[in-house]
Amino acid sequence: MAKTVADIVVNAIEQAGAKRIYGIPGDTINHFTDAVSRSNLRWVHVRHEEVGAFAAGGEAYMTGELAVCAGTCGPGSLHFVNGIYETHRNGAPVLLIASDVDRREKGFDFPQEVDQHKIYEQHSVFCEYISHPAQARRIVAKAAQAALTRRGVAVVIVNGDMFTEKDDDKADWQVYRPDPRTRPSDSELAGLAQDIDAAEKVTVYAGIGARDAHDQIVALCEKLNAPMVHTTRAKEWLEPDNPYNVGVNGILGNKAGVEAIHRADLVLCLGCDFAYTQYYPAQAKIVQIDIDPTHLGRRAPIHMGLVGDSATTLDALTPMLAAKPDRAHLDKALDQWREDLDGYRDAGEESDDTLIHPQFVANMLDRVAADDAIFVSDVGTPMVWMLRHIAANGKRRFLNSLLHGTMASAYPQAIGAKIAYPDRQVIAMCGDGGMTMLMGDLLTLVQEKVPLKLLVFNNSTLGFVEMEQRVEGLVDHYTGLENPDFSKVAEAIGIAGWRVDRARDLSAAMDKWLAEPGPALLDVKVNRVELVMPPEVKVGQVASTALFGMKAVLSGRTKEVVSLLRDNFLR
C-alpha cells in the first residue's frame with residue numbers, strides 16, 4: 001500500500017534512532033507534523049526555531065545519537081541558522097527537515113521562498129532535496145548516516161506539496177554506523193618514535209579528537225614523564241583521573257598549561273585543532289596526529305603530520321618508545337598546576353558580604369552540584385567560570401560555545417540535554433546578555449515540563465566584551481544592560497525563582513534552587529568589574545588597562561577605576 005512522503009520521512013527518522021523533533025509547526029510542514037502525531041516521536045514545541053536547533057544540538061552532543069529539528073519555509077527555516085551552525089561546529093549529529101514552498105511556485109519569488117540549499121550547504125555534512133517520492137526514505141536514511149558517522153548536521157529539504165505525494169516505499173534503505181580503526185604506517189610511527197626518543201622535554205597536547213584515548217594518553221605520559229595539556233573542549237574526557245594533566249592552553253587556560261607547551265622540545269598534538277596560532281610554540285617541533293588529514297598543519301607549522309585515531313595510534317606507538325626517567329619537565333608543570341588550582345580557589349573567597357564575585361558562585365556550585373551533573377554555559381564569562389572552577393570527574397558532562405562563540409546557547413542547549421537525561425541534574429550557567437537574547441523560551445520549560453536549573457550570572461553588562469574593550473585600552477561603550485529581576489520574571493512564567501545579592505544568602509538559595517523538582521532559576525547579582533585574567537599577563541595588556549583607567553578618569557568615570565582596582569587586586 002502506498003504511503004505519503006510525510007509518513008515515509010517520519011518512519012525513516014524513527015528507524016534512524018531519533019526520539020524527538022524540536023520545532024514550530026506551520027503551513028509547509030503541516031502534513032509532516034500530522035505524521036509525527038501518529039508516530040512514537042515526541043514533538044518538542046519551542047517558541048523560537050533557533051532554540052530548537054540549539055536544543056537538538058544539546059541532545060545530540062550529549063547522547064551521540066540523532067536528534068531532529070524541523071521548520072517551515074522561509075522565516076521558519078532561517079531562524080534555525082545560528083543554532084545549526086553552532087551544532088555543526090560542535091560535531092553533534094542533527095537532522096534538519098527544512099521545508100520549502102510548493103514546487104509549482106519555485107523560482108517566482110513566491111512569499112517566504114528562500115534557497116535553502118545555498119544557505120545550509122555551507123555548514124552541513126549532507127544537504128539535499130527530496131526531488132521524487134521514491135527518494136524519500138533513501139534521502140533521509142543517508143542524511144542520518146552522514147550526520148552520525150561524520151558528526152555534523154545533515155539537512156533534508158522538502159517542498160510542502162511533496163509531503164502529500166505517495167510511494168510504495170519498497171526499498172529497504174538503512175542507516176549504517178561502521179566503527180573503523182585507523183593508524184599511521186609502521187614507517188611513519190618509527191620516524192615519530194625516533195623524534196620522541198631524541199627530545200628531552202615532551203609535552204602532549206590533546207583535543208576532543210582524543211576523547212576516546214584517555215588511558216592511552218596516561219600510559220604515554222607515564223612512560224615519557226610528559227605533562228598533558230588539553231584543549232577546553234576535551235576537559236571532561238581527559239582531565240579526570242589523570243596524574244599528568246596540567247590544564248589548558250590559550251587565553252582561557254592556565255599558566256601551567258601554557259608554559260608546558262612553550263618549554264617543550266617536542267609537542268605531540270593528538271586530535272587537537274586549537275585555532276589560535278600565537279599559543280603554539282615557536283621553537284619546539286610540533287607533531288600532529290589527526291583522523292582528518294585536512295587538519296594537519298592548518299593552525300601552526302608542523303614538523304610531522306600523521307593520520308590516525310588517537311587511541312589506536314598510541315597503542316601502536318607507545319611500545320616503540322624508550323622510557324624517559326627525568327621528571328624535571330613534568331614536575332615543574334605539576335607544581336605550577338597546583339598553584340593555578342590554589343589561585344582558582346582563592347579567587348572564590350568572599351570577604352565582603354555586599355560583593356559577590358562570580359568565582360565564589362562557581363566554586364559553590366562545584367561543591368553542591370551532583371557528581372554526574374551536566375553543565376552547559378553561555379559564551380563569555382560564564383564559560384570561563386565553568387572551565388576554571390567546575391571540576392571534571394569522569395561523570396560530569398560539559399558543553400559550551402567554544403567554536404561558534406554564539407550568545408544565548410546555554411539554556412537552549414541544556415533543554416535538549418535535560419530532555420534526553422531526565423534523571424540527571426542539568427545546569428545552565430547563563431549570562432544576563434545570553435538569557436535576555438532568547439528569554440521567550442523559558443515558556444518552553446513550563447509547557448514541555450522540563451525541570452532544568454538555570455543560574456544567571458547577573459552583572460548588568462556584556463562582561464567579556466567590556467573586558468576586551470578595556471584590555472585594548474578603550475573606554476567601554478554600549479555594554480551595559482538594564483536587567484529585570486530574573487527571579488520575578490521566572491515566577492511570572494511559572495518557574496520557581498530566587499534572587500541573591502548578598503554572599504551570605506547564596507548557599508541556602510542554591511540548595512533550594514537545586515532541590516526544586518520543577519524548572520528553577522537562580523539570579524545572582526555578581527561583581528560587574530571582574531577581570532578575566534589570562535594565564536600570562538603581557539606588558540601591553542597592563543599598559544592598555546592603565547590607559548583605560550586614564551581615559552575613564554578623564555571621562556568622569558573615576559568610581560569604575562576604583563572598583564576595578566578594589567574588586568580585583570585589593571581584596
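These numbers come from a predicted model, not from an experiment.
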With rounding to the nearest 0.5 Å, note down the distance linking [atom1] in [X] to [atom2] in [Y].
| X | Y | atom1 | atom2 | answer |
| --- | --- | --- | --- | --- |
| Tyr244 | Met228 | OH | CE | 12.0 Å |
| Arg345 | Asp366 | CZ | CG | 10.0 Å |
| Arg42 | Tyr22 | CZ | OH | 7.5 Å |
| Glu259 | His262 | CD | NE2 | 9.5 Å |

Does [X] reach the side chain of [Y], with side-chain heavy atoms less than 4.5 Å apart?
| X | Y | value |
| --- | --- | --- |
| Val287 | Ile302 | no |
| Leu95 | Val140 | yes |
| Ile415 | Val51 | yes |
| Leu317 | Leu192 | yes |
| Val158 | Val156 | yes |
| Met429 | Asp378 | no |
| Val155 | Phe126 | no |
| Tyr280 | Ile286 | yes |

Cut-off 3.5 Å, no hydrogens considered: what does the side-chain donor-acceptor table look like for residues 264-275, sequence neighbours left out?
| unit_1 | atom_1 | unit_2 | atom_2 | d |
| --- | --- | --- | --- | --- |
| Asp265 | OD2 | Glu200 | N | 3.1 |
| Asp265 | OD2 | Lys201 | N | 2.9 |
| Asp273 | OD1 | Arg298 | NE | 3.2 |
| Asp273 | OD1 | Arg299 | NE | 3.1 |
| Asp273 | OD2 | Arg298 | NE | 3.4 |
| Asp273 | OD2 | Arg298 | NH2 | 2.5 |
| Asp273 | OD2 | Arg299 | NH2 | 3.1 |

Around atom [atom1] of [X], are there more than 12 heavy atoms of other residues, nucleotides or ligands at under 6.0 Å?
| X | atom1 | answer |
| --- | --- | --- |
| Gln283 | CD | no |
| Glu121 | CD | yes |
| Asp342 | CG | yes |

Practice item. For side-chain hydrogen bond (donor to acceptor under 3.5 Å, both in side chains), just list the numbers for His303 and Asp195, CA-CA rounded to whole Å, side-chain angles, deciding distance to a tenth of an Å, and then say yes or no. Key: CA-CA 10 Å; His303 170 69; Asp195 282 343; 2.8 Å; yes
Verify the distance criterion only: is there a donor paired with an acceptor across the side chains of [X] and [Y] at less than 3.5 Å?
| X | Y | result |
| --- | --- | --- |
| Asp441 | His48 | no |
| Asp309 | Thr182 | no |
| Asn11 | Arg137 | yes |
| Glu59 | Tyr421 | no |
| Glu86 | Asn90 | yes |

Any idea which heavy atoms bring [X] and [Y] closest together, and the distance?
| X | Y | value |
| --- | --- | --- |
| His389 | Ala362 | CB-CB, 3.6 Å |
| Leu403 | Arg233 | CD1-NH1, 3.4 Å |
| Gly297 | Gln288 | N-OE1, 2.8 Å |
| Ala234 | Gly207 | CB-C, 3.6 Å |

Exercise for review: Determine, stepwise, if the pair His230 / Asn249 fulfils side-chain hydrogen bond (donor to acceptor under 3.5 Å, both in side chains).
Suggested key: CA-CA 7 Å; His230 62 83; Asn249 186 28; over 6 Å; no
Check your understanding: In terms of ring plane angle, is the pair Phe32 and Trp43 parallel, tilted or perpendicular, where the classes change at 30° and 60°?
Key -> perpendicular
Review point. Between Arg338 and Asp335, is there a salt bridge with N-O shorter than 4.0 Å?
Key: yes
Point to revise | Option passing salt bridge (Lys or Arg N to Asp or Glu O under 4.0 Å) with Glu65 (candidates Arg177, Lys19, Arg151) | key: Arg177
**Study point:** Candidate pair Tyr129 and Gln116, rule side-chain hydrogen bond (donor to acceptor under 3.5 Å, both in side chains), full reasoning
**Key:** CA-CA 9 Å; Tyr129 273 89; Gln116 308 273 25; over 6 Å; no
Review point. Which residue, Ile119, Val114, Asp115, forms the side chain to side chain contact (heavy atoms under 4.5 Å, CB included) with His117?
Key: Asp115
Review item, side-chain donor-acceptor pairs of residues 208-221, under 3.5 Å, at least two apart:
| unit_1 | atom_1 | unit_2 | atom_2 | d |
| --- | --- | --- | --- | --- |
| Arg211 | NE | Ile208 | O | 3.2 |
| His214 | NE2 | Pro240 | O | 2.7 |

Exercise for review: Give the C-alpha distance, both sets of side-chain angles, the deciding distance and a yes or no for side chain to side chain contact (heavy atoms under 4.5 Å, CB included) between Ile84 and Tyr120.
Suggested key: CA-CA 9 Å; Ile84 288 296; Tyr120 287 112; 4.1 Å; yes
Check your understanding: Do Gln15 and Val175 pass the side chain to side chain contact (heavy atoms under 4.5 Å, CB included) test, and can you show the C-alpha distance, the side-chain angles, and the key distance before you say yes or no?
Key -> CA-CA 8 Å; Gln15 292 296 310; Val175 175; over 6 Å; no
Check your understanding: Is there a side chain to side chain contact (heavy atoms under 4.5 Å, CB included) between Thr203 and Val229 once you walk through the steps?
Key -> CA-CA 7 Å; Thr203 294; Val229 182; 3.9 Å; yes
